[in-house]
Every structure is written in structure tokens, then in C-alpha cells.
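Atoms within a ligand are numbered from 1 in the order they appear, just like the ligands themselves. Below, all heavy atoms of this structure are taken into account, side chains as well, without hydrogens, waters or symmetry copies.
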Amino acid sequence: MSMRSGTDYLKSLNDGRRVFLDGETIADVTSHKSLREAARSFARLYDIAAAPDMRERMTFTSPTTGEPVLRAYQIPRSHADLTARRQFSETWAEATFGLMGRTLDHVAGFLCGFAAVPNLFKTAGANFSDAVTSFYQNARDQHLYVSYAIVPPQIDRSKPAHKQSDPTLYAGVVKETDGGIVIAGAQQLATGAIYSDYIHLSCIHPLQPGDENYANSLVVPVCANGVKLYPRRSYAAMASNSFDYPLSSRFDETDSYVIFDNVFVPWEHVFVYRNLELCRDQWWKTPSHLYGNHQAQVRYVTKLRFMIGLAKRINEMTGNDANPAVATVMGELAALVSIYDNMLLAHETTAPIDENGVLWPSRITLYSAMAMQSEFNGRMLEIIRELSGSAMITLPSSVRDFDNPEAARDIERYMRSAATGAKVRMALLRHAWDFIGTEFGSRHQQYEKFYGGASFLIKQNVNRFFDYQRATALVDKALALPPVDGNP
Ligand SMILES: Cc1cc2nc3c(=O)[nH]c(=O)nc-3n(C[C@H](O)[C@H](O)[C@H](O)COP(=O)(O)OP(=O)(O)OC[C@H]3O[C@@H](n4cnc5c(N)ncnc54)[C@H](O)[C@@H]3O)c2cc1C
């Protein structure tokens, strides 16, 4: 199969999927005014990857077909392979300024991780490991975009899945047939789902005995009968034009609640079935969570680079760039960005290779970076708000004010900066506000806090994987030091 172009991708999305938005059922997400620009942004990523001069950077050869396929689907077996995955994700993240979190390479990383350890799934039967391997190969060879919903709905967190007031609130199995299973219930929060080909449904939250019906891992086509997508409100819809809302208008990837209304799933799409242990182990005894979140960090570092670039330009415009106090604050910002940048490189250089030749990005660096992201991200945005003063607010109401000659003259005269004219200044500050202050910007803060789960859970992961033995050995060594000069 040849590379998938943006046009092929956009055409394939008009497949009868059911998306509920603003009281409408949307038949075609690629033409609806609130949704089409993000679809085009995803499509551009396919075009970038398919460009002949990007072949080496963006593709590798499928061992099944001999054709070029996206590096997002390459299972890393060496440090160089992981670097190649990073460069792939960096290219896409730079094209979207790190503002689209769930591009195809995120869940592709999870699928690579499952396929790297098929024997884990075999413990429940060869049909499950075959399903994992063959879906991975199809997704890779057909350049599929898979999104995921792996967190139960926030209906009543005080009770386990099977004790919710209705057993079909959380997505779970309601029927088994010779050909497959039937799923009913809801799961959150599938970012990008309305633009994807398949949804991976599983559960990363801890489940307990009695919750077996919810302990599954499977994929369904987004257009499957009974799949209903409820995206949160569209920020692109609120963007009156792309000058005043340069980011909302282009990169609103959407986040959807997914409802499975008795969806039939054939066995060949089921990786884990009513199995508490495997449902848990798929995340931690395979490199799936590490590959998927390696992409998340590549994307985040790119976004931070964009963010600090905005801060630098704001300082240049306000004439504060050389101010020693501003230099100190910028130093703090640059230190935080550099920590994330270098933690990402550390995932790669300290990544071990297992006995099957599969490389696992370092857990402790990944989870440490993610654990602190929820706090550092807020701190970094606070610095930018501080540095910009009123700049993002003291602007004309919209770019349309330039259409009025009298207003345009005033704006050009009074709203310029020493460094640039008023329109360039306004364009920059609109980017900064859309990054931080609009509803799009605010959702991004929530995303950085929660895309990898609540931070208390990530901190528990760091605690689980930290090398306390080496640390406590040092303490034991200190306690065993002989007395100085024979004194106790
Ligand atoms: C914008 C966005 C996009 C997302 N995209 C996806 C996606 O594509 N796919 C997907 O599957 N998920 C996605 N998620 C993540 C996911 O759906 C959840 O939001 C995330 O896992 C956190 O779970 P929750 O929201 O149910 O919070 P809860 O688990 O209900 O926790 C809420 C808060 O309660 C407190 N709390 C609860 N329990 C404890 C405890 N034991 N100890 C201490 N404090 C506690 C904490 O303050 C915690 O932050 C996304 C989330 C956001 C915000």
C-alpha cells in the first residue's frame, strides 16, 4: 500500500461516523465549519510524512509488505531506532507547535509496545496474541490513526466499576458470541477520536475482582455501528478568524466522551478479554506506556520551545529583553525548558534493551518528567503572564479594526512597539493569548495536567521505579563508617 496522503485521509473520514455537537449529528467532520480545520491539520501531517524527501526521516520499511510505513509504528530495537522515533514525532510536533497531543504517533506507540511483547497476551490464549500482532501490522501497513479511551467515566469514583448504579455505565462486555463480543457503556476521554480510524478501548484505572466485564482491551472502527462520539465544545467554532485566534482556529484536536451502544467487536480485534491481570499488565509489562508517552514528551518539549520563543519575542517587543530582572526570570524559564528537553534525551540514552532485543525507554526519567509537569507547566505559564503585563489585553478588539481607516491609523500609531509595527505586535500577542488565555489555551493547561492520568498516580509510578536500593545503600554505608580517631 502506498503512503496515505492527506487527501486520502480526509476522504476516508466521511464514513458515517456519529459525532454529536451543538445539537447536530455531524455527518462529515472534514466539512463542518467547527471541525474542518483540525482535520486539515491532521491531513497535513500525512502529507509531510509522505513527501519523497522525508522518506528516511518519516518512514521505515514494513517487514510484511516491503513498502515504506510511518516510523511511528517502528518497534525500537536500538537507541538509534528510538532517536528515529523522536525525530519523526518532532517533525509532526513542530508542524503543530506541540499543540496537538494525540496525533497518530501517540497510540501507535502503545500498539508497538503491545506487539513487542506478544507472549504476554498469549497467556490468555494464542488468539489474543495473534489479534495484537495482526492489528498492529494492519495499522502499520495501512497508516491507521488510532485514538484511545482508557479511563472510566467520572460518574462515581467512590465505587468500583461493577458497583456503579447501573452495570452498563462503564464500557464493558454485555454479551459474548462465537464471532466476538458486544460492548455497552461509556469511556473517556478520546482526544482526536472524531478524526481517527479506530478507537482503542481499555482501562488503565485499577480494577478489582468483580470488575471482570470491564477488564478488556480492544479496538473498534470509529464508524462501527453503535459508536457515538460526544466531543466537548469546539474552540475552533468560537474562533472568529485565524488572525485573532491563530491556534484555536487550526489545532483544536477535540476530546470526546465515547459511548458504546451495544457495539459488536469481532474476536480478531480483542487483545484482552475479561482478564484483570492482563488488563493491568498490558501497560506495565510491555513498553506500550513508555513508547506512547515518549511521543507525549517529544510533543511537550516542542511546545515548550514554542512557548519560550513567544516569551522572548514579547520581551523584545516591550523593550524589556535586556532588563536584568527579566533576564533572571527568563533564566528560570529556560532552565525548566532545558530540564524537559534533556530528560527526553535521557529517556533515550538510559533506555535498556530486553532479552528479546526490544528497547524500553527509561521509566524513571519519563515518569519523573510527567509527574512534575502538572506543577512546572503552571509555573512556566505564570512567568509568561508576569512578563507580558497588560500586553495581551491592550490590543484592538479584532483584526477587523484595521478595515476602518481611522482606527487603523490610531492602531498603527499608538499600539506599535519599538521593534515592530502594530499589526505584527498584535499577531504575536494573539498567539500568546491563544496559548495561555483563551478557552483553547486553558484546555491545554488541563491537558498537560491530565493527559497521562492524575499526577498523584504518576508520582506513585516514580516511587515504584526509583532506585531506592542505591540510595539506602549510601545511608547504610554512612552508618557503618568507623569512628573517627577511635571516638564513638
Ligand atoms: C484535555 C484532556 C485530554 C485527555 N485525553 C485523553 C485521551 O485521549 N484518552 C484517555 O483515555 N484519557 C485522556 N485524558 C485523561 C483522562 O480521561 C482523565 O482525565 C485522567 O486520567 C484523570 O482522571 P479523571 O479526570 O477521571 O480524574 P480522577 O481520577 O477522578 O481524579 C481527579 C482528582 O481527584 C483527586 N484524587 C482522586 N483520587 C485520589 C487519590 N487516590 N489520591 C489523591 N488524590 C486523588 C486528585 O486531585 C485528582 O487529580 C485526557 C484528559 C484531559 C484533561
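No donor-acceptor pair under 3.5 Å is formed between the side chain of N293 and the backbone N or O of A296.
Side-chain contact, S217 with Q282: a donor N or O sits under 3.5 Å from an acceptor N or O. In summary, the side chains of R4 and Y9 do not present any donor paired with an acceptor at a separation below 3.5 Å, with no hydrogens or angles considered.
Sorted by first and then second residue, the ring pair (Phe, Tyr, Trp, His ring centres under 6.0 Å) pairs with a member in residues 221-252 read F20-Y230, F97-F251; sequence neighbours excluded.
Closer than 4.0 angstrom to ligand 1 by heavy atom are R102, Y148, A149, I150, V151, Q154, R157, Q188, L189, A190, T191, H205, D255, R443, Q446, Y447, F450, G453, A454, F456, sorted by chain and number.
Between R385 and E382 there is no salt bridge, since no side-chain nitrogen of the basic residue lies less than 4.0 Å from a carboxylate oxygen of the acidic one.
Residue-environment remark: CD (Q469) stays at or below the threshold of 12 foreign heavy atoms within 6.0 Å.
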